[in-house]
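A short write-up of the structure that comes next.
Source: prediction; values computed, not measured.
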Amino acid sequence: MKYYTLNDGLKVPSVGMGTYKIEDEKLMEEVIQAALELGYEYFDTAKYYNNEAYIGKALENSPAKREDYMLATKVWPKDFGIDQTKRSIDESLKDLRTDYLDVIHLHWFGKDFDKAWKVFMDYKDQGIVKSIAVCNFMPEQLVKLLELGEAPSMDQLESHLFLQDTETRAFLKENNIKHQAWSPLARTRGGLLDEEILKQLAHKYNKTPAQIALRWNIDQGTMIIPKSVHANRLKENIDIFDFELEECDMHALASLDRKERFSQDPLDEAWLEEIRNM
């Protein structure tokens, strides 16, 4: 495993496990157990995913000790505000069966994000949260957040070879905010893994196209949280530390950028207004 040190000093693995849309208790227990056996140390969830209780139970029933893994969750925009944010975090702590969170994210930009961020800073000062971060924040939104004082440690964004967004990556690097990629395989949409350059590099490095796509993120300092419910895919996703992509291959992969997004646009005002009521 390769590790990154965030701007607040927290050391995180470069690969974690996403849990979006895993909403079955038995399946979650099986996936968590398989992930722990394969060496995963970081589990990413969110209040919105409706699975925190399943994750908490699965981890509590596993042989792993709390210090052996990291937990990250998120607060949804409808819960932004002083009392609402506190309640959201406290409920997440209870459901995840832990007395502290390694990372807490604002899930999207929205009204009263500043109040939620102040709660985050307060919980960090108390030691209830180790690191405070954001998700789906674009540079113009981050500028507003940075005015509040403490910079986020990470920004979790849809990022993959079809959506490379070099400008946002550059902004994050300039402001010492770790770029974290969700959906690093583009949810296997758009034919990403069928791209000829990925097949050629898979042959060259004796890896799979998915492993090449994931390693591309690692080699530019991005943390990834791919999600799968299949043990063989979980193994494939983490088995990417015995090679590095050559610079010429990194340049070749840059040619795949389509600026194509498979989720909501973080700057879509109609979407941001809609999720405030979800």
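Summarising the geometry of E52 relative to L96, their closest heavy-atom pair is O-CD2, 3.4 Å, with the distance given to 0.1 Å. When all heavy atoms are compared, the tightest approach of L163 to E260 is CB-O, 3.4 Å. In terms of heavy-atom proximity, A116 sits nearest to T85 at CB-OG1, 3.4 Å. Heavy atoms only, all atoms of each residue included: A231 and L38 are closest at O-CD1, 3.9 Å. The nearest pair of heavy atoms linking L198 to P209 is CD2-O, 3.8 Å. Here the closest non-hydrogen pair linking D155 and I177 is N-CG2, 3.7 Å.
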Going through the checks in order, is the salt bridge (Lys or Arg N to Asp or Glu O under 4.0 Å) test met by D112 and K115? CA-CA 5 Å; D112 292 330; K115 295 178 182 178; 3.7 Å; yes
Under the salt bridge (Lys or Arg N to Asp or Glu O under 4.0 Å) rule, what do K86 and D79 come out as? Steps first, then yes or no, please. CA-CA 9 Å; K86 288 180 179 179; D79 291 323; over 6 Å; no
Step-by-step side-chain contact (heavy atoms from CB on, under 4.5 Å) determination, V143 to F171: CA-CA 10 Å; V143 167; F171 179 91; 4.0 Å; yes
After noting the C-alpha distance and the side-chain angles of T222 and R169, does the key distance pass the side-chain hydrogen bond (donor to acceptor under 3.5 Å, both in side chains) rule? CA-CA 9 Å; T222 295; R169 289 175 186 263; 3.1 Å; yes
Check against side-chain hydrogen bond (donor to acceptor under 3.5 Å, both in side chains), D268 and Q264: CA-CA 7 Å; D268 183 346; Q264 303 294 335; over 6 Å; no
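Within a 6.0 Å radius of NZ in K124, more than 12 heavy atoms belonging to other residues, nucleotides or ligands are found. No more than 12 heavy atoms of other residues, nucleotides or ligands sit less than 6.0 Å from atom CG of N206. No more than 12 heavy atoms of other residues, nucleotides or ligands sit less than 6.0 Å from atom CD of E167.
Looking at D24, its side chain does come within 3.5 Å of a backbone N or O of L27 through a donor-acceptor pair. At distances below 3.5 Å, not a single donor-acceptor pair connects side-chain atoms of R215 with backbone N or O atoms of I218. Judged purely by atom type and a 3.5 angstrom limit, S92 uses its side chain to pair as donor or acceptor with the backbone of S88. Using a distance-only test at 3.5 Å, with no hydrogens or angles considered, a donor-acceptor pair links the side chain of N217 to the main chain of A213. No donor-acceptor distance shorter than 3.5 angstrom exists from the side chain of H160 to the backbone of P184, with no hydrogens or angles considered. The closest donor-acceptor contact from the side chain of D68 to the backbone of K65 lies under 3.5 Å. Side-chain atoms of K178 never come within 3.5 Å of backbone atoms of V12 as a donor-acceptor pair (strictly under, hydrogens ignored). Side chain of Q141 to backbone of M138: a donor-acceptor contact under 3.5 angstrom is found. A donor-acceptor pair under 3.5 Å is formed between the side chain of S14 and the backbone N or O of K2. A donor-acceptor pair is defined here as one N or O able to donate and one able to accept, closer than 3.5 Å; no such pair exists between the side chain of T73 and the backbone of I104.
Separating the SG atom in C135 from the CE atom in M154 is a distance of 10.0 Å, to the nearest 0.5 Å. With values rounded to the nearest 0.5 angstrom, I22 atom CD1 is found 13.5 Å from N50 atom CG. Here L172 contributes atom CG and E174 contributes atom CD; the two are 10.0 Å apart, rounded to the nearest 0.5 Å. Separating the OH atom in Y49 from the CH2 atom in W76 is a distance of 8.5 Å, to the nearest 0.5 Å.
Using a 4.5 Å heavy-atom threshold, the side chains of L93 and I128 count as touching. Counting only heavy atoms from C-beta outward, the side chains of F241 and M1 approach each other to under 4.5 Å. For the pair W117/L145, a side-chain contact is recorded, criterion being any heavy-atom separation below 4.5 Å from C-beta on. Side-chain contact between L71 and L59 is present, with heavy atoms from C-beta onward closer than 4.5 Å. Residues R66 and T98 form a side-chain contact, since some pair of their non-hydrogen atoms from C-beta on lies under 4.5 Å apart. Here the side chains of N51 and Y20 are not in contact, with every heavy-atom distance at 4.5 Å or above. A 4.5 Å side-chain heavy-atom check between M28 and I55 finds at least one atom pair inside the cut-off. A 4.5 Å side-chain heavy-atom check between S62 and Q33 finds at least one atom pair inside the cut-off.
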Mind listing the side-chain donor-acceptor pairs of residues 242-253 below 3.5 Å, one per line with the distance, residues two or more places apart or on another chain?
residue: D242; atom: OD1; partner: K207; partner atom: NZ; Å: 2.9
residue: D242; atom: OD2; partner: K207; partner atom: NZ; Å: 3.2
residue: E246; atom: OE1; partner: K204; partner atom: NZ; Å: 3.2
residue: D249; atom: OD2; partner: K204; partner atom: NZ; Å: 2.8
residue: D249; atom: OD2; partner: Y205; partner atom: OH; Å: 2.5

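Note on K227 versus D44: no salt bridge recorded, every NZ/NE/NH1/NH2 to OD/OE distance being 4.0 Å or above. Between R233 and E236, at least one side-chain nitrogen of the basic residue sits less than 4.0 Å from a carboxylate oxygen of the acidic one, meeting the salt-bridge criterion. Checked for salt-bridge contact, K26 and E30 meet the test: a charged N lies under 4.0 Å from a carboxylate O. Between D95 and R97 there is no salt bridge, since none of the side-chain N atoms of the basic residue sits less than 4.0 Å from a carboxylate O of the acidic one. Between K57 and E25 there is a salt bridge, since a side-chain N of the basic residue sits under 4.0 Å from a carboxylate O of the acidic one.
Between W108 and W271, the ring planes are perpendicular. Angles over 60° get that label, and only those under 30° would be called parallel.
Annotation: cation-pi pair R258/F162 present, NZ/CZ under 6.0 Å from the ring centroid and within 45° of its normal. Figure legend: cation-pi geometry between R276 and F80 absent, as NZ or CZ is not positioned both under 6.0 Å from the six-membered ring centre and within 45° of its axis.
Residues that satisfy the salt bridge (charged side-chain N to carboxylate O under 4.0 Å, His left out) test with E274, not counting sequence neighbours, are absent from this structure.
Taken together through direct or relayed side-chain contacts under 4.5 Å among Ile, Leu, Val, Met, Phe, Trp and Tyr, L10 and Y100 form parts of separate hydrophobic clusters.
Here the options are L36, I225, L234, N237, the test is side chain to side chain contact (heavy atoms under 4.5 Å, CB included), and the partner is M17; only L234 passes.
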